[in-house]
Amino acid sequence: MLVTSRSYVEYEAMFDLTELPDSVLDCCAGGASFTAEAVERGVDAIAVDPAYELPAAELVDTVRRSLPATAGIVDEHAGSFVWNWYGSPERKDELRIEAADRFLQDVSIAPERYVPGSLPKLPFEDGRFDLVLCSHLLFTWADKYDRDWHLASLRELVRVSRSEVRIFPLVQQGAGDPVDYLPDLLAELAGVTSEIRKVPYEFQAGADEMLVLSH
Ligand SMILES: C[S@@+](CC[C@H](N)C(=O)[O-])C[C@H]1O[C@@H](n2cnc3c(N)ncnc32)[C@H](O)[C@@H]1O
């Protein structure tokens with residue numbers, strides 16, 4: 001799986017963020033610069049990802065390799081992507097390179113913000129974060145993780161959040177196929193209100209919705 005580097009502005013659009021609450025978890029943060037940039041805005045932000053177990057040099061290499069690999073996926077499925085949000089492939093690459101640089105700088109100066117961990121079992125107490133964000137893991141990699149994993153992971157994201165979880169996108173990587181069992185999973189989340197909400201971001205054609213879980 002790719003350890004990609006999305007930027008704060010991409011997160012802002014994917015999750016339709018206006019202002020951030022006091023504490024936010026980015027799960028699975030990969031090489032994203034969201035945490036570094038949220039901390040700069042005064043937020044208690046933490047990133048979690050299994051990739052943070054890698055030795056430093058290997059993490060740098062893994063993050064750097066994700067950019068050409070992502071471009072390869074986009075080229076392979078060119079008809080499934082739209083460029084109205086990014087404007088051009090060059091602008092997308094620019095944002096991702098800046099984000100990777102920012103992430104690698106922050107992880108070296110504040111490693112305590114980057115916690116190794118994997119869904120469906122996160123190393124945080126119940127309700128630790130006001131808001132939990134999840135970009136490009138659940139549903140995106142439904143070819144790798146099955147329905148049971150998704151249900152357990154949704155419950156775990158809810159457990160570590162005090163009030164809200166946002167997940168984007170709701171389709172699989174590459175061609176953007178839907179995940180058929182998504183509605184059934186939501187019905188199985190007792191005590192949680194789920195809403196599928198439109199966002200001002202689209203890259204995979206038609207994938208302009210996030211899932212909001214509130215409790
Ligand atoms: C496509 S990247 C997304 C990174 C970042 N959120 C972004 O939007 O650029 C997917 C990330 O999920 C992480 N990952 C894979 N399996 C995971 C799991 N079981 N729990 C949490 N993170 C996982 C990978 O290490 C990788 O960094």
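What you see below is based on every heavy atom in this structure, not just the backbone, and it leaves out hydrogens, waters and symmetry mates. All ligand and atom numbering here is 1-based and tracks the order in the structure.
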Evaluation steps, salt bridge (charged side-chain N to carboxylate O under 4.0 Å, His left out), between D106 and R102: CA-CA 6 Å; D106 201 52; R102 189 67 206 276; 5.5 Å; no
Run the numbers on R128 and L25 for side-chain contact (heavy atoms from CB on, under 4.5 Å), then give the verdict. CA-CA 9 Å; R128 162 70 179 82; L25 175 68; over 6 Å; no
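For the atom pair Y52 OH and C28 SG, the distance stands at 8.5 Å (nearest 0.5 Å).
Residues R166 and L131 meet the side-chain proximity criterion, which asks for heavy atoms closer than 4.5 Å. Taking the side chain as every heavy atom from C-beta outward, D16 and P200 approach each other to under 4.5 Å.
Seen from the ring of F124, R159 does not count as a face-on cation partner, given the 6.0 Å and 45° thresholds.
Every protein residue with a heavy atom nearer than 4.0 Å to ligand 1 is included here: M1, L2, V3, T4, S5, R6, Y11, C28, A29, G30, D49, P50, S118, L119, S135, H136, L137, W141, Y145, W149.
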